[in-house]
Peer 1: 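Got a structure here, written out as structure tokens. Questions coming.
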Amino acid sequence: MIRATVKTLGSEIVPVASAAGRVTASPVHAGADTPRFPASAMDGYAVASHDLAVATLAAPVLLPLGPMVPAGTTPPPLARGTAVPIATGAPVPPGADAVVMRETATLYGDRVAICRPAAPGHNVRAIGEDCSTGSLVLAAGVRIPPDAVGVLTAFGIRHVGVRRQPCLALLATGSELGPGDERASGAELVDSNSPMIAACAAAAGLACTLVGRVADSPAALDAALATALAPGSGDIILSTGGVSVGRFDLVRDRLEALGASVLFHGIAMRPGKPLLFALLPDGRPYFGLPGTPLAALVAFRFFVAAALRQMLGLPPETGIAVHEHPAGRPGITLFLRGRRGRDSGKGLVVDTDLDQRSHILHSLLDADCWLRIDDSDAAAPVARCYPRELLLG
Ligand SMILES: Nc1nc2c(c(=O)[nH]1)N[C@H]1C(S)=C(S)[C@@H](COP(=O)(O)OP(=O)(O)OC[C@H]3O[C@@H](n4cnc5c(N)ncnc54)[C@H](O)[C@@H]3O)O[C@H]1N2
Ligand code: MOO
């Protein structure tokens with residue numbers, strides 16, 4: 001449902017140096033052969049391999065030495081029957097086809113003695129051996145890891161076409177939410193959902209605008225939604241709280257008053273049951289996350305993540321098959337805080353012996369993964385393990 005509804009964002013061109021973490025919008029091809037010239041793989045002596053064909057320990061071949069070839073210089077052709085000292089990475093002169101390591105040769109004044117043959121290409125990095133001009137370097141729909149920046153740069157790529165990064169806008173509903181610092185008093189509650197979701201988004205490289213906290217009244221919600229839904233406020237709009245069945249759970253009502261189409265409201269999962277998903281009149285997706293922090297987190301980590309992946313042109317997250325896990329529940333998908341164990345040989349073992357109640361937060365800190373167990377009534381219920389952190393790519 002989410003993948004079928006949410007549109008992939010447009011693309012932009014960015015310099016390779018700032019492309020880490022971005023998702024390729026089109027295939028990336030090499031801009032140059034790498035290496036661009038036959039290069040020495042060792043510090044040593046560039047030779048014509050046929051000159052060494054008869055070299056033995058007992059009767060080494062003695063070759064007069066030409067001028068040194070440092071890296072970054074273009075050497076003249078190798079004079080017949082000679083060798084030249086050469087640095088690692090320097091171009092092998094035309095006429096030479098092998099490099100003998102310095103340690104395996106003996107210098108006698110302006111001549112070098114070599115006591116064994118060298119095969120053609122020995123210690124020479126061939127043109128295009130790593131990549132050839134125009135070859136496919138990265139497919140479309142791939143997150144560019146930071147270390148790939150070096151690979152792309154080396155392959156002569158200066159710019160890449162990437163998906164625009166989705167921006168999020170977030171509204172925290174609830175009259176119980178205090179002033180936003182840790183000094184909530186009386187029955188007030190600190191808004192922990194806003195910083196949690198903003199931090200999760202930031203860790204995935206996405207900006208999240210905090211629209212603010214709003215009381216559970218139609219007028220206050222209308223005003224806050226007007227800001228949250230303003231054109232350009234974000235590519236995806238989130239709220240937390242106000243989606244259950246209480247008297248003050250007004251999010252659905254006010255969204256519909258604004259012309260949004262609710263595509264689902266309530267889902268057979270724990271935690272996160274009251275999750276709401278809507279399309280705004282301008283086509284942007286809206287998620288009404290439950291207020292309960294763990295439920296908001298699960299809804300964000302799995303459902304908002306699915307929408308973000310679709311916006312970025314990434315495939316769905318698949319997780320890892322789990323072998324040993326607790327039983328599921330009929331008719332419900334469970335998301336459990338877990339600790340990854342060893343692979344039993346038949347699949348991963350995940351320990352879920354943590355407090356799984358949805359109002360309990362501390363056990364999240366002891367978890368390193370999520371275990372998703374599908375409806376145990378399903379024909380083939382599956383359990384899969386996902387990283388605790390949202391990773392896009
Ligand atoms: N009669 C029923 N009651 C409830 C049901 C139900 O099916 N029938 N579902 C429960 C489930 S499951 C959940 S989850 C919650 C979700 O309710 P809401 O999305 O309407 O959220 P609120 O009622 O506004 O808040 C729930 C809980 O979370 C705290 N909260 C809210 N916002 C924040 C925030 N920004 N930071 C930290 N904590 C927040 C809030 O104080 C409440 O304790 O409904 C159940 N009820
Ligand atoms: O979503 Mo609620 O946390 O299932 O209790």
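As the structure is a prediction and not an experimental result, all values here were calculated from the model. Counting starts at 1 for both ligands and their atoms, in listed order. When reading the values below, keep in mind they use all heavy atoms of this one structure, side chains included, and skip hydrogens, waters and symmetry mates.
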Peer 1: Given 3.5 Å as the limit, does a donor-acceptor pair link the side chain of Ser135 with the main chain of Ser132, or not?
Peer 2: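 Flag set: sc Ser135 to bb Ser132 pair under 3.5 Å.
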Peer 1: May I ask you to list the atoms of ligand 1 that are less than 4.0 angstrom from any heavy atom of Thr292?
Peer 2: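 That gives atoms 13 (C), 14 (S), 15 (C), 16 (C), 26 (C), 27 (C), 28 (O) of ligand 1.
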Peer 1: Looking at the rings of Tyr386 and Phe302, which for Trp means the six-membered one, are their centres under 6.0 Å apart?
Peer 2: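 So the answer is yes for these two rings.
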Peer 1: Do Leu279 and Phe287 belong together in a cluster built from hydrophobic side chains that touch within less than 4.5 Å?
Peer 2: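 Leu279 and Phe287: one cluster.
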Peer 1: At a 4.0 Å threshold, what atoms of ligand 1 neighbour a non-hydrogen atom of Pro274?
Peer 2: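 Within the 4.0 Å cut-off of Pro274, ligand 1 contributes 11 (C), 12 (S), 13 (C), 14 (S), 16 (C).
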Peer 1: Among all protein heavy atoms in this structure, tell me which lies nearest to atom 23 (O) of ligand 1, with the distance rounded to 0.1 Å.
Peer 2: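 Here the nearest protein heavy atom works out to Asp249 OD1, 4.0 Å.
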Peer 1: Could you please spell out the steps behind the salt bridge (Lys or Arg N to Asp or Glu O under 4.0 Å) verdict for Arg372 and Asp374?
Peer 2: CA-CA 6 Å; Arg372 175 192 165 140; Asp374 282 351; 3.0 Å; yes
Peer 1: Run the numbers for me: atoms of ligand 1, each under 4.0 Å from some heavy atom of Thr240, listed by number.
Peer 2: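 Checking each atom against Thr240, I get 35 (N).
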Peer 1: Among protein heavy atoms, which sits nearest to atom 38 (N) of ligand 1, and what does the distance come to when rounded to 0.1 Å?
Peer 2: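 Looking only at protein heavy atoms, the one closest to atom 38 (N) of ligand 1 is Leu189 CD2, 3.1 Å.
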Peer 1: Give the residue, atom name and distance (to 0.1 Å) of the protein heavy atom nearest atom 36 (N) of ligand 1.
Peer 2: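 I find the closest protein heavy atom is Ser192 N, 3.1 Å.
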Peer 1: Residue-level breakdown please: for Pro271 versus ligand 1, do any non-hydrogen atoms fall below 4.0 Å on the side chain, on the backbone, on both, or on neither?
Peer 2: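 Answer for Pro271: neither.
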Peer 1: Quick check: Ser244 and ligand 1, any N/O pair under 3.5 Å apart?
Peer 2: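 In this structure, Ser244 places an N or O atom under 3.5 Å from an N or O of ligand 1.
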Peer 1: Based purely on interatomic distance, does Gly242 place a nitrogen or oxygen under 3.5 Å from a nitrogen or oxygen of ligand 1?
Peer 2: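 Yes, since at least one N or O of Gly242 sits under 3.5 Å from an N or O of ligand 1.
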Peer 1: Any idea which part of Asp216 is under 4.0 Å from ligand 1, heavy-atom wise: side chain, backbone, both or neither?
Peer 2: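 The answer is neither; Asp216 stays 4.0 Å or more away.
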Peer 1: So, 4.0 Å and heavy atoms of Val251: is ligand 1 close enough to count as a contact?
Peer 2: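 Flag not set, Val251 not near ligand 1.
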Peer 1: Determine whether Leu280 and Ile237 make a side-chain contact, defined as any pair of heavy atoms from C-beta on separated by less than 4.5 Å.
Peer 2: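 Answer yes - side chains close enough.
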Peer 1: Does any part of the side chain of Pro166, heavy atoms only, come nearer than 4.5 Å to the side chain of Leu9, both counted from C-beta?
Peer 2: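 Counting from C-beta outward, Leu9 and Pro166 do come under 4.5 Å.
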Peer 1: Applying a strict under-4.5 Å side-chain criterion to I, L, V, M, F, W and Y, I'd like to know whether Phe300 and Leu210 cluster together.
Peer 2: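 Phe300 clusters together with Leu210.
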Peer 1: Are any non-hydrogen side-chain atoms of Leu250 and Pro218 less than 4.5 angstrom apart?
Peer 2: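 Yes - at least one pair of side-chain heavy atoms lies under 4.5 Å apart.
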Peer 1: Given Asn193, Val243, Leu289, which one has a non-hydrogen atom that is nearest to atom 32 (N) of ligand 1?
Peer 2: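 Residue with the shortest heavy-atom distance to the ligand atom: Asn193.
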Peer 1: Measure from every N or O atom of ligand 2 to the protein's N or O atoms and keep only the pairs below 3.5 Å, writing each with atom names and distance to 0.1 Å.
Peer 2:
| from | atom 1 | to | atom 2 | distance (Å) |
| --- | --- | --- | --- | --- |
| ligand 2 | 1 (O) | Gly272 | N | 2.4 |
| ligand 2 | 1 (O) | Lys273 | N | 3.2 |
| ligand 2 | 3 (O) | Ser358 | OG | 2.9 |
| ligand 2 | 4 (O) | Gly272 | N | 3.3 |
| ligand 2 | 5 (O) | Ser358 | OG | 3.0 |

Peer 1: Taking only heavy atoms of Asp191, which atoms of ligand 1 are found under 4.0 Å from at least one of them?
Peer 2: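 Per the distance check, 34 (C), 35 (N), 36 (N).
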Peer 1: Find the distance between CZ (Arg339) and CG (Asp353) and round it off to the nearest 0.5 Å.
Peer 2: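 It is 7.0 Å, given to the nearest 0.5 Å.
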Peer 1: For residues 40-49, pull every pair meeting side chain to side chain donor-acceptor pair (under 3.5 Å), keeping only residues two or more places apart or in separate chains.
Peer 2: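 For residues 40-49, and leaving out neighbouring residues, the side chain to side chain donor-acceptor pair (under 3.5 Å) pairs sorted by first residue read Asp43-Thr88, Ser49-Asp97.
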Peer 1: For ligand 1, is there an N or O atom under 3.5 Å from any N or O atom of Gly291?
Peer 2: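 Yes.
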Peer 1: What's the shortest distance from atom 2 (C) of ligand 1 to any protein heavy atom, and which residue and atom give it?
Peer 2: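 The closest one turns out to be Val245 CG2, 3.4 Å.
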Peer 1: Can you sort out which atoms of ligand 1 are near Glu176, meaning under 4.0 Å from one of its heavy atoms?
Peer 2: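 Per the distance check, 31 (C), 40 (C), 41 (O).
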Peer 1: Working to the nearest 0.5 angstrom, can you tell me the gap between Ile332 CD1 and Leu334 CG?
Peer 2: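 Here the interatomic distance stands at 6.5 Å.
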